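See structure below.
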Amino acid sequence: MYEKFKIEREISIIFNDTELNDLENWGNFYLDLEKDLIPKTKEQKHFQDLFRNKDVDDIAERDCTSSHEKVWWKYRKRCKMLPSLKNLKYKLDDDTFYDREMYHHVAMRGYNS
């Protein structure tokens with residue numbers, strides 16, 4: 001039996017309970033199947049063909065037919081996004097934020113036109 005698969009909190013928050021359960025129970029098996037484990041079923045062979053030596057961006061979500069493939073695709077996609085998500089930094093003085101005066105100016109401009 002495989003050890004419980006460890007999932008970072010930043011990754012786990014997008015999964016529902018069923019998906020988390022599948023990842024925790026099967027994640028290490030998915031990793032092995034993706035690498036060098038010999039598949040024993042047609043489903044495992046399809047999983048391996050889908051993920052082995054491929055970047056997740058080269059895999060279309062619609063090509064994932066089983067719940068195992070879908071949750072692994074979602075996990076790998078999130079892992080790939082995570083470094084950029086961790087580097088997001090917002091400050092109150094960023095151009096993307098309005099301060100109270102700017103908001104009031106923009107809001108009032110709409111009423112005065």
Side-chain angles (χ1 to χ4, degrees):
M1 191 72 191
Y2 283 91
E3 288 184 27
K4 195 172 189 178
F5 188 66
K6 308 263 190 286
I7 307 164
E8 289 184 50
R9 185 185 178 293
E10 293 88 354
I11 293 172
S12 69
I13 59 175
I14 67 164
F15 294 98
N16 64 38
D17 291 341
T18 303
E19 292 170 331
L20 277 175
N21 189 46
D22 283 349
L23 280 173
E24 288 173 350
N25 291 322
W26 294 98
N28 287 315
F29 180 75
Y30 298 155
L31 281 174
D32 286 348
L33 195 56
E34 196 176 276
K35 294 178 185 168
D36 55 7
L37 187 68
I38 297 170
K40 294 183 178 178
T41 66
K42 288 187 303 185
E43 292 82 7
Q44 291 174 2
K45 176 73 172 122
H46 186 266
F47 184 99
Q48 194 174 66
D49 291 343
L50 190 61
F51 291 105
R52 182 179 271 178
N53 300 322
K54 292 184 185 167
D55 186 277
V56 70
D57 290 335
D58 297 332
I59 304 167
E61 185 178 12
R62 68 179 173 275
D63 293 336
C64 301
T65 55
S66 72
S67 62
H68 293 288
E69 292 169 352
K70 290 175 184 176
V71 75
W72 192 243
W73 180 88
K74 188 175 175 181
Y75 171 78
R76 286 194 47 202
K77 193 76 165 173
R78 183 67 174 191
C79 287
K80 185 163 186 172
M81 292 172 53
L82 190 59
S84 60
L85 293 175
K86 283 184 174 180
N87 291 328
L88 289 177
K89 292 185 174 51
Y90 295 105
K91 295 180 254 169
L92 290 177
D93 59 348
D94 280 352
D95 290 340
T96 58
F97 282 86
Y98 287 106
D99 63 18
R100 185 180 299 263
E101 185 179 324
M102 290 168 60
Y103 176 80
H104 181 72
H105 177 74
V106 170
M108 295 311 291
R109 186 175 56 203
Y111 288 108
N112 295 330
S113 359

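The figures here come from the full heavy-atom set of this structure, side chains too, leaving out hydrogens, waters and symmetry mates. Bear in mind the structure is a predicted one, so any value in this text is a computation, not a measurement.
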Closest heavy-atom pair and its distance - [X], [Y]:
X: L31; Y: F5; answer: CD1-CE1, 3.6 Å
X: I11; Y: I7; answer: CG2-CG2, 3.9 Å
X: H46; Y: D63; answer: CE1-O, 3.6 Å
X: R52; Y: D36; answer: NH2-CA, 3.4 Å
X: C64; Y: L50; answer: SG-CD2, 3.8 Å

For this session: Drop me the distance from F51's CZ to W72's CH2, to the nearest 0.5 angstrom.
Result: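 So the gap between those two atoms works out to 8.5 Å.
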
Exercise. When rounded to the nearest 0.5 angstrom, what distance separates CG in L20 from CG in N25?
Worked result: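 Going from the CG atom of L20 to the CG atom of N25 covers 10.5 Å.
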
Problem set entry | For I38, side chain to side chain contact (heavy atoms under 4.5 Å, CB included) partners two or more places apart |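 For I38 there are no side chain to side chain contact (heavy atoms under 4.5 Å, CB included) partners, ignoring immediate neighbours.
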
Exercise. Which pairs count as salt bridge (charged side-chain N to carboxylate O under 4.0 Å, His left out) when at least one residue sits in residues 12-22, sequence neighbours excluded?
Worked result: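 Every pair satisfying salt bridge (charged side-chain N to carboxylate O under 4.0 Å, His left out) with a residue in residues 12-22: E19-K74.
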
For this session: For W73, look at atom CH2 and say whether over 12 heavy atoms of other residues, nucleotides or ligands are found less than 6.0 Å away.
Result: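 For W73, atom CH2 is crowded (more than 12 foreign heavy atoms under 6.0 Å).
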
Problem set entry | Option passing side-chain hydrogen bond (donor to acceptor under 3.5 Å, both in side chains) with Y30 (candidates E69, K35, H68) |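 Passing option: H68.
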
Exercise. Going through the distances and angles, do K77 and D57 end up as a side chain to side chain contact (heavy atoms under 4.5 Å, CB included)?
Worked result: CA-CA 8 Å; K77 193 76 165 173; D57 290 335; 2.8 Å; yes

Under the 3.5 angstrom rule, does the side chain of [X] hit a backbone N or O of [Y] as a donor-acceptor pair?
X: Q48; Y: L37; value: yes
X: E24; Y: K4; value: no
X: R78; Y: E10; value: yes

Problem set entry | Parallel, tilted or perpendicular: ring planes of F15 versus Y75, cut at 30 and 60 degrees |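 The arrangement is tilted - the two ring planes meet at 30° to 60°.
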
